Amino acid sequence: MKKLFPILLIVAGIALAFMGINTFQESTASVSFLGLDINASDESGQTTAILYMVLGGVSLIAGYLMYRK
């Protein structure tokens, strides 16, 4: 039971990092039309993606440190 919570934190960290990467990729788009490259980005989507990735990293580190104890 002692090792269950750190493992759950590690799994949650991986899931949050994966969600952050997907959200970041979906928040940007580019179109090429007649030789012109048009880029569009959603700043709130990028902010949310970065938040997911940071929380995922913190969860991974916390889970690892708790598991190591």
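Values below: every heavy atom of this structure, side chains too, minus hydrogens, waters and symmetry copies. Bear in mind that the values here come from a model prediction, so they are computed numbers and not experimental data. Along the sequence shown, residues are numbered consecutively beginning with 1.
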Q: How long is the gap from CD1 on I10 to OH on Y64, to the nearest 0.5 Å?
A: 9.5 Å

Q: Rounded to the nearest 0.5 Å, how far apart are OG of S59 and CG of L16?
A: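 Output value for this atom pair is 5.5 Å.
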
Q: Is there a path of hydrophobic side-chain contacts, each under 4.5 Å between heavy atoms of I/L/V/M/F/W/Y residues, joining M19 to L51?
A: yes

Q: Would you name the heavy atoms of Q46 and S41 that are closest together and state the gap between them?
A: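 That closest heavy-atom pairing would be NE2-CB, 3.6 Å.
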
Q: How about K2: does its NZ atom have over 12 heavy atoms from other parts shown lying under 6.0 Å from it?
A: no

Q: Which heavy-atom pair separates G20 from A49 by the least distance, and what is that distance?
A: O-CB, 3.3 Å

Q: Using side-chain heavy atoms (C-beta onward) and a distance below 4.5 Å, is D42 in contact with T28?
A: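 When only atoms from C-beta onward are counted, T28 and D42 do not touch, as no gap falls below 4.5 Å.
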
Q: Can you name the closest pair of heavy atoms from P6 and G63 and give their distance?
A: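 Residues P6 and G63, closest heavy atoms: CB-O, 3.4 Å.
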
Q: Rounded to the nearest 0.5 Å, how far does CG of L8 lie from NZ of K3?
A: 13.5 Å

Q: Nearest 0.5 Å please: distance from the CG atom of N39 over to the OG atom of S30.
A: 5.5 Å

Q: What's the spacing between L65 CG and L9 CG if we round to 0.5 Å?
A: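 Here the interatomic distance stands at 10.5 Å.
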
Q: Measure the CE-CG distance between M66 and L4 for me, rounded to the nearest 0.5 Å.
A: 10.5 Å

